[in-house]
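Chain letters run A, B, ... following the sequence lines, proteins first and then strands; every chain starts at 1.
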Amino acid sequence: MNKTNDIVEQRRKKLEDLKRKNINLFPNDFIVTSTVKDVVNIIENRADSITESASGGFVLAGRMMAINRFGKTAFIRFRDRSGQLQAYIRKDRVGDEAFYLFKQLDIGDFIGIKGGMFKTKTGEWTLLANEIKLVCKAIRPLPEKFHGLKDPEKRYRQRYLDLIMNSNVREIFVKRSKIIQEIRTFLLKRDFLEVETPMMQPIPGGAEATPFKTYHNALGMNLFLRIAPELYLKRLVIGGFEKVFELNRSFRNEGVSTRHNPEFTMLEFYQAYATYNDLMDLTEEMLRSAAINVTGSAVITYQGNSIDLGRKWRRMPLLTAMEEIGGIDPGLLDDRQKLLDFASSKGIPLTQKICQRPLADRLGKIIAKLFDILVEPKLIQPTYITGYPVEISPLSRKSDNDPTLTDRFELFIAGHEIANGFSELNDPDDQKERFLQQTADREAGDEEAHYMDEDYIKALEYGMPPAAGEGIGIDRLAMIFTDSASIREVILFPHMKREKTDTTII
RNA sequence: GGGCCGUUAACUCAGCUGGUAGAGUAUCUGCCUUUUAAGCAGAGAGUCGCGCGUUCGAGCCGCGCACGGCCCA
């Protein structure tokens with residue numbers, strides 16, 4: 001016997017009483033004509049002398065969030081999608097029957113109200129109810145109004161309660177939605193075409209990551225949830241869509257953390273006849289205007305750091321950053337053994353996932369790992385790091401002036417990797433060699449190395465115009481724009497382990 | 001994978017050196033026609049995450065497990 005449920009039992013009893021009186025607990029015939037925001041706008045704009053306009057015929061509905069009862073009257077607060085409003089219920093106005101029903105209602109119930117606006121003694125605009133009706137009965141009680149819902153586990157598992165109780169959480173997700181809308185509008189205005197490519201792919205490509213695997217019964221084949229849309233988007237560039245983007249989910253089968261969720265949202269876009277330098281300019285403009293339109297300013301605060309997206313963003317070659325920010329003697333940067341010795345002398349372990357086989361991994365991987373530890377956290381103001389080694393950039397075009405490097409950049413803000421972009425490799429023979437190297441790495445035990453994708457090579461052989469492409473992590477961007485320390489704060493339903501009580505699905 | 005912290009009423013939290021569990025809000029009953037976390041009077045509500053152990057006795061100590069948070073990898 002779970003006592004949760006004392007309150008629930010009491011409510012169910014009430015519910016039965018109401019049913020016996022032929023009251024519909026879940027009607028669907030209440031017609032709403034205004035939102036709270038509409039009403040407040042109307043009343044404030046014609047405001048001045050109106051202290052009582054009870055004749056007004058506003059019809060609203062919402063969830064009751066608070067009730068102050070006074071015998072034959074009551075003040076309530078209710079909320080719809082646009083905001084919260086106080087209403088005043090008087091027995092002598094709504095009638096005995098409706099008032100009796102109202103007395104049976106609870107916080108959390110949905111109500112419909114008709115009435116006009118007046119100002120209370122304390123000057124608050126309040127809806128004076130002429131009619132009040134039950135629109136939906138709540139059986140479970142809401143969390144306490146003052147402290148709200150704080151337990152992070154409950155907030156994530158029961159996000160609907162989090163959204164009901166915590167207005168700042170609602171605001172975060174509204175902002176997230178606006179960020180996405182801003183980016184979409186920005187690209188559409190510049191003649192990019194929004195497309196959708198397969199999320200289930202026979203060969204997962206476009207990133208170094210472990211995929212989720214699934215099986216298609218009718219086709220009798222394994223499929224993988226995409227780790228990136230990249231190779232399909234470039235097929236579209238080959239097909240003549242010179243400017244394309246996709247803004248949707250990708251999936252990576254790795255641990256969860258404050259920065260990782262197994263499914264995450266990424267923007268990828270490709271532009272023919274552009275270079276990685278063009279994309280840096282474009283990204284800067286796009287994110288700057290998104291910041292201004294979403295947060296109201298190009299200067300945002302993230303975890304105590306003031307981040308200025310308004311000034312020109314710094315651009316720095318990777319090897320320079322290793323030296324100047326990471327404090328690594330440039331003489332070490334072309335010798336993997338020296339770098340390994342340096343790492344161990346600094347107590348930096350290179351044995352984990354990102355660099356899983358330190359003895360076998362090639363120079364570029366070791367540099368990348370050291371960069372993650374020594375440089376990335378220090379890149380607080382927006383910074384483009386450029387010139388990544390070829391061996392960790394298997395889809396990027398080699399630099400004309402240094403074939404060991406690529407025309408590639410990554411963008412860092414607040415110590416987070418936000419974007420990765422490059423001039424695309426469009427030489428099919430070079431691409432094939434890169435894939436072969438990746439295949440060799442995979443056979444040597446690197447589970448995240450790329451698969452050979454013969455079909456993509458074939459596509460390249462038809463000719464892809466010179467192009468540049470980029471991916472932007474939308475969740476991380478949302479974190480920064482909403483000052484959220486964890487990715488779970490910007491994903492409505494973050495993945496968690498199952499609760500014991502969950503039904504097991506095999 | 002490792003470390004630290006957490007899990008007590010519907011919610012937010014107390015609970016000392018081990019002695020059979022407490023507050024506020026919410027709920028229920030009564031009073032109340034302008035409240036702002038309304039007020040007054042009264043009442044009910046707990047498998048102290050789960051299991052094992054130590055002990056005369058465990059919310060508290062030990063071991064294991066589950067879930068969560070943060071940090072590290």
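Residue pairs meeting the salt bridge (Lys or Arg N to Asp or Glu O under 4.0 Å) criterion with at least one partner in residues 73-88 of chain A, sequence neighbours excluded, are R77(A)-E124(A).
Between rU25(B) and K145(A), no contact under 4.0 Å exists linking OP1 or OP2 to a side-chain N or O.
Counting atom types as modelled, R69(A) pairs no side-chain N or O with a base atom of rU35(B) as donor and acceptor under 3.5 Å. At a cut-off of 3.5 angstrom, counting only N and O atoms as typed in the model, there is no donor on one side facing an acceptor on the other between the side-chain of E153(A) and the base of rU7(B).
Residue D109(A) is tested with K137(A), R140(A), K133(A) for a salt bridge (Lys or Arg N to Asp or Glu O under 4.0 Å); the sole match is K137(A).
With sequence neighbours excluded, no residue forms a salt bridge (Lys or Arg N to Asp or Glu O under 4.0 Å) with E323(A). Judged as a ring pair (Phe, Tyr, Trp, His ring centres under 6.0 Å), and not counting sequence neighbours, the contacts of F75(A) are Y88(A). Among residues two or more places apart in sequence or in another chain, the side-chain contact (heavy atoms from CB on, under 4.5 Å) test is passed with I139(A) by V8(A), R12(A), L15(A). Partners of D38(A) under the side-chain contact (heavy atoms from CB on, under 4.5 Å) rule, at least two apart in sequence or in another chain, are S34(A), T35(A). In terms of the side-chain contact (heavy atoms from CB on, under 4.5 Å) criterion, residue partners of L309(A) (sequence neighbours excluded) are, by chain and number, A291(A), I300(A), I307(A), W313(A), P382(A), I413(A), F481(A). Under the rule for a ring pair (Phe, Tyr, Trp, His ring centres under 6.0 Å), the partners of F99(A) that lie at least two apart in sequence or sit in another chain are F102(A). Legend: residues meeting salt bridge (Lys or Arg N to Asp or Glu O under 4.0 Å) with K14(A), ordered by chain and number and at least two apart, are D106(A).
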Under 3.5 Å, side-chain donor or acceptor atoms of residues 62-70 of chain A against the rest of the protein: list the pairs with distances, not counting sequence neighbours.
unit_1	atom_1	unit_2	atom_2	d
R63(A)	NH1	G108(A)	O	2.9
R69(A)	NH2	L105(A)	O	2.9

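Stems are defined here as 3 or more consecutive Watson-Crick or G-U wobble pairs with pairing distances under 3.5 Å; those involving RNA chain B are B:1-7 with B:66-72, B:10-13 with B:22-25, B:27-31 with B:39-43, B:49-53 with B:61-65.
Distance I7(A) CD1 to rA9(B) C1': 9 Å, rounded to the nearest Å. Following rounding to the nearest Å, D162(A) (CG) and rG69(B) (C1') show an atom-to-atom distance of 15 Å.
For N28(A), the CG atom sits in a loose shell: 12 or fewer heavy atoms of surrounding residues, nucleotides or ligands are nearer than 6.0 Å.
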Kindly give the atom pairs (protein nitrogen or oxygen, nucleotide nitrogen or oxygen) under 3.5 Å for nucleotides 12-14 of chain B.
unit_1	atom_1	unit_2	atom_2	d
rU12(B)	OP1	K150(A)	N	3.1
rU12(B)	OP1	D151(A)	N	2.9

When you compare the protein's N or O atoms with those of nucleotides 1-4 of chain B, which come within less than 3.5 Å of each other, and at what distance?
none

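With centres under 5.5 Å and a plane angle under 30°, the ring of F75(A) is stacked against the base of rU35(B).
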